[in-house]
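Quick notes on the structure that follows.
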Amino acid sequence: MWPRRGAELLRGGSLYWVFKGLVLARQRILALEPRQGDDGVTRCAIVLDDEVVRTEAQPRRPFQGWRYLAAKDAPQDVSTGDPILDLPGNLRRALSELGVK
């Protein structure tokens, strides 16, 4: 329930978000803090930067637990300056069909 390589995460690590089988975004990890649940078990709370950074689409199965990506394996950041254009085409179309512009 606590990352073994926590010190590494705090030196520029990010949490990568998987949407429908694709990594599409990341948030920088700012801190790891202990939090005790109602069940009395202490867990790791991940404090994230507010900025969500869009990444190149990278196929990835959803997973639970910690996964560490080497820099060479992590998807690259992308930015056209337009958050909608930064999304993969199929996701842009789906959002458009839902009325998100």
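Note that this is a predicted model, so its numbers are computed, not measured. When reading the values below, keep in mind they use all heavy atoms of this one structure, side chains included, and skip hydrogens, waters and symmetry mates.
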Validation row: Ile29, Ser14 side chains within 4.5 angstrom (heavy atoms) = no
Look at the side-chain heavy atoms of Ile, Leu, Val, Met, Phe, Trp and Tyr, link any pair under 4.5 Å apart, and say whether Leu9 and Trp17 land in one connected group.
-> yes
Partner set under salt bridge (Lys or Arg N to Asp or Glu O under 4.0 Å) for Arg26, not counting sequence neighbours | Asp77
Is it possible for you to say whether Trp2 and Leu48 belong to one hydrophobic cluster, with membership spreading through side-chain heavy-atom contacts below 4.5 Å?
-> yes
Could you grab the distance from atom CZ of Arg28 to atom CG of Leu15, nearest 0.5 Å is fine?
-> 13.0 Å
Taking everything shown except Arg67 itself, do over 12 heavy atoms lie less than 6.0 Å from its CZ?
-> yes
Do Pro75 and Leu69 come within less than 4.5 Å of each other through their side chains, counting heavy atoms only?
-> yes
Would you check if the side chain of Gln27 reaches a backbone N or O of Val52 as a donor-acceptor pair within less than 3.5 Å?
-> no
Atom of Asp39, atom of Arg43 and distance for their closest heavy-atom approach | OD2-NH2, 2.7 Å
State, yes or no, whether a side-chain contact exists between Phe19 and Leu91 at a heavy-atom distance under 4.5 Å.
-> no
Crowding at CG, Asp73 (>12 non-hydrogen neighbours, <6.0 Å) = yes
Should Leu32 and Val47 be marked as a side-chain contact (heavy atoms from CB on, under 4.5 Å) after you check the CA-CA gap, both sets of side-chain angles, and the distance that decides it?
-> CA-CA 6 Å; Leu32 302 173; Val47 180; over 6 Å; no
For Glu33, check salt bridge (Lys or Arg N to Asp or Glu O under 4.0 Å) against everything at least two apart and list the hits.
-> Arg35
Backbone N or O of Glu8 within a donor-acceptor pair of the Tyr68 side chain at under 3.5 Å?
-> no
Residues two or more places apart in sequence or in another chain: which of them pass salt bridge (Lys or Arg N to Asp or Glu O under 4.0 Å) with Arg61?
-> none
Check whether more than 12 heavy atoms from other residues, nucleotides or ligands sit under 6.0 Å from atom CG of Asp38, and answer yes or no.
-> no
Just how far is it from atom CD1 of Ile46 to atom CG of Leu30, taken to the nearest 0.5 Å?
-> 11.5 Å
Gap between atom CG of Leu22 and atom OG1 of Thr55 - 0.5 Å precision | 9.0 Å
